[in-house]
Structure formats: C-alpha cells, structure tokens
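Lettering follows sequence order; numbering is per chain, from 1. Hydrogens, waters and symmetry mates play no part in the numbers below; they use all other heavy atoms, side chains included.
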Number of protein chains: 2
Amino acid sequence: MPHKKIIRDLNLKVTSQRLLILEVVRNGPSHFTAQDVFESVLARNPEIGFATVYRFLRTLSEHSYVTEIRMGGMPARYEWAGKRHHDHLTCVSCANIVEFENTEIERLQEKVAKQFGFSLTDHVLELYGVCPECRAKESAAKAR
Amino acid sequence: MPHKKIIRDLNLKVTSQRLLILEVVRNGPSHFTAQDVFESVLARNPEIGFATVYRFLRTLSEHSYVTEIRMGGMPARYEWAGKRHHDHLTCVSCANIVEFENTEIERLQEKVAKQFGFSLTDHVLELYGVCPECRAKESAAKAR
DNA sequence: GTGAAAATGAAAGTCATTCGCAATTATCTT
DNA sequence: AAGATAATTGCGAATGACTTTCATTTTCAC
C-alpha cells in the first residue's frame with residue numbers, strides 16, 4: 001500500500017514529515033524505538049521535531065499499522081504490523097530479538113480467559129533468555 | 001520467616017523503615033505499587049521518604065522476595081513472591097487482576113526457547129480482556 | 001488562489017523513578 | 001557502654017521517556 005494512501009486512510013493530511021517517517025519505518029530494521037526513527041529521519045530532514053515522530057507513531061499504533069511494545073523502564077519498541085501476529089524471545093545479554101509464533105500458546109490463552117469469563121482483547125508474551133551466541137561466550141569466559 | 005531475618009539475609013541493616021515496609025507489603029493487598037506502599041507506610045510513620053520505599057522494593061525484587069511487573073507507562077506493580085509462579089489476566093475496563101497458572105503454557109515457552117537455542121531465564125505473560133462484570137455492564141449500557 | 005482546519009517544531013510540562021549528599025543510625029570494636 | 005565506622009535515610013534535584021502547548025506553517029477543499 002502506498003504511503004500516501006496509508007496516511008489518507010487515517011484521515012490525516014499528507015505531509016513530508018509523515019511520508020519520511022513511513023519511509024524510515026518501512027525500510028529500516030524491523031524493530032525500532034521512537035528515538036531510532038527520529039534519528040534516521042533527522043538525517044534526511046534536519047527540520048523535524050521528535051514530537052512529530054512520537055505523535056505519528058502513536059497514531060500508527062492506535063490504528064494497528066505498527067505494534068507498540070512497552071516493557072518496563074526502557075523506551076517503547078515498535079514494529080511494522082504487516083506481518084502475522086508473533087511474540088518475542090529476547091536475549092538478556094545482547095538484546096537480540098527473535099520472533100516466534102505458537103498457535104498452541106495462543107489457543108491456551110483464549111482458554112484461560114474463557115475459564116475466568118473474560119473476553120480476551122490483547123496479550124503480552126515476552127520470553128527472556130540467553131541466545132546461543134551469548135551462551136557460547138559465557139561458557140568460554142568461565143573456562144578461562 | 002520473620003521480617004528481621006529477611007533483612008539480615010539481604011545483608012542489610014535492620015531499620016524501622018524497612019520493617020514497616022515489609023509489614024505493609026506482607027499484610028496489605030497482594031498487588032501494589034510503590035506509591036501504594038509509600039502511602040500506607042506514611043500513615044504509620046510520617047517521617048519516611050519515597051526513595052526509601054523504592055530503594056527497598058527494588059532490592060527485594062532483585063532478590064526475588066517480591067516480583068516486579070512493569071508494563072509500559074504505568075507505575076510498576078509488585079507482589080510478594082511467596083506463592084507459586086503465576087501470570088495475570090487483567091481487566092482493561094476495571095483493572096481487576098486475576099491470577100492464573102498454566103503449566104501447559106509454561107512448557108510450551110520452554111519448548112520455544114529450546115527451538116531457538118536460548119536458555120530461558122524469565123518471561124512475561126499478561127493477558128488483557130474484559131471481566132464478566134464489566135461485560136455485563138457493557139451489554140446493559142448498549143441495550144439502554 | 002484562499003481560508004479554515006490541521007500539522008508542526010520548540011520548549012515547557014508530566015510522571016515514574018533514580019541520584020547526590022549531608023545528616024542520621026545501626027552495628028561493630030573495644 | 002561509648003565511640004568508631006560505614007550503611008541508610010530524607011530531601012530535593014535530576015533523569016528519561018514521553019506528552020502537551022501554542023505560535024507559526026502547511027495542507028487541501030472550494
């Protein structure tokens with residue numbers, strides 16, 4: 001979908017800043033913070049304010065164009081929501097993020113909600129661990 | 001375990017403020033924010049500082065005496081970690097929290113981590129939905 | 001083109017949390 | 001039990017991630 005159409009779908013005016021933000025969000029790395037986006041955008045247009053980036057990212061996430069993940073303390077991470085639903089497995093040592101999907105877990109979540117009479121609207125599943133590379137490094141360090 | 005012993009186990013000095021904080025944490029509601037604790041503690045000792053509560057709660061959570069749950073934006077919620085592991089199902093409408101445990105989900109999480117070669121250290125699973133009471137209210141409101 | 005309404009940038013404001021530090025206290029040491 | 005000593009505290013100021021405000025541009029429907 002062309003970027004202009006996305007903006008119009010949101011009932012917003014098409015501005016150069018919004019186009020630039022979309023450009024960066026869709027062509028950059030898949031996980032990014034508002035700060036990341038702000039910096040990339042700044043490089044191409046030094047006249048942009050970071051409030052504009054925040055504002056637009058918020059709007060995009062409210063309309064499910066991007067997914068916002070807020071884990072305690074640290075800045076919110078975003079990602080373009082085009083792809084299928086998935087959760088994250090994050091390395092606590094190097095911050096590398098792996099995406100996974102597991103329909104079995106999803107199904108069990110629904111089941112739990114139903115058990116308590118809740119209608120499920122959303123969920124957060126974030127796994128934390130040590131990735132293979134960091135595990136290797138750690139055992140190497142221990143052997144030394 | 002007596003509160004003094006808990007504090008000594010942490011290699012900390014036994015002070016009246018730490019004892020008071022433990023008192024409040026262990027006898028109050030099971031889920032609480034630092035602000036909640038601060039206010040309860042203030043009622044019994046008006047000479048206590050906010051930072052002291054935060055500092056001690058942080059230490060307690062670092063040593064797994066309490067569990068800290070930080071969801072984006074809002075203040076961190078804590079709970080005494082004595083009980084068995086569980087996750088939360090939170091009502092987005094009235095903020096009521098239901099605890100649940102599901103070993104099947106836990107097992108699948110381990111499996112996912114193993115698939116990617118990670119050793120799992122931690123996880124966050126928070127389900128959001130509308131509780132039975134709020135669902136009833138909502139449909140009543142709609143019918144009006 | 002024109003003008004009303006929306007968007008923007010810069011700066012100030014929030015809010016939860018953390019820090020710096022001088023004054024106070026708990027726990028040795030003797 | 002008194003003093004030494006090192007941790008702890010309360011306060012206010014600092015931080016960091018947003019969020020809002022508002023005067024000034026821009027956009028776009030006519």
Joint cluster assignment, A/Ile69 & A/Tyr78, ILVMFWY side-chain distance < 4.5 Å: no
Quick one: does B/His123's side chain get under 4.5 Å of B/Asp87's, heavy atoms only? yes
Can you find a pair of side-chain heavy atoms, one from B/Asp122 and one from A/Val92, that are under 4.5 Å apart? no
For the residue pair A/Trp80 and A/Tyr65, categorise the inter-ring angle as parallel (less than 30°), tilted (30 to 60°) or perpendicular (more than 60°). tilted
Without decimals, in angstroms, what is the distance between [X] [atom1] and [N] [atom2]?
X       : N      : atom1 : atom2 : result
B/Ile48 : D/dT9  : CD1   : P     : 8 Å
A/Ile69 : D/dC18 : CD1   : P     : 13 Å
A/Glu47 : C/dA10 : CD    : C1'   : 11 Å
A/Glu68 : D/dA17 : CD    : P     : 14 Å
A/Arg77 : D/dA17 : CZ    : P     : 14 Å
B/Phe50 : D/dA14 : CZ    : C1'   : 15 Å
A/Met74 : C/dT18 : CE    : P     : 11 Å

Hey, is [X] close enough to [Y] for a salt bridge, meaning N to O under 4.0 Å?
X        : Y        : answer
B/Glu68  : B/Arg70  : yes
B/Glu110 : B/Arg107 : no
B/Glu104 : A/Lys111 : no

Check DNA chain D against residues 52-62 of chain A and give the residues with a non-hydrogen atom under 4.0 Å, in numerical order. A/Tyr54, A/Arg55, A/Arg58
Within residues 1-35 of chain A, find the residues that approach DNA chain D with a heavy atom at under 4.0 Å, and present them sorted by residue number. A/Lys13, A/Val14
Checking side-chain contact (heavy atoms from CB on, under 4.5 Å) between A/Leu22 and each of A/Val66, A/Asn27, A/Ile7, which is the one that passes? A/Ile7
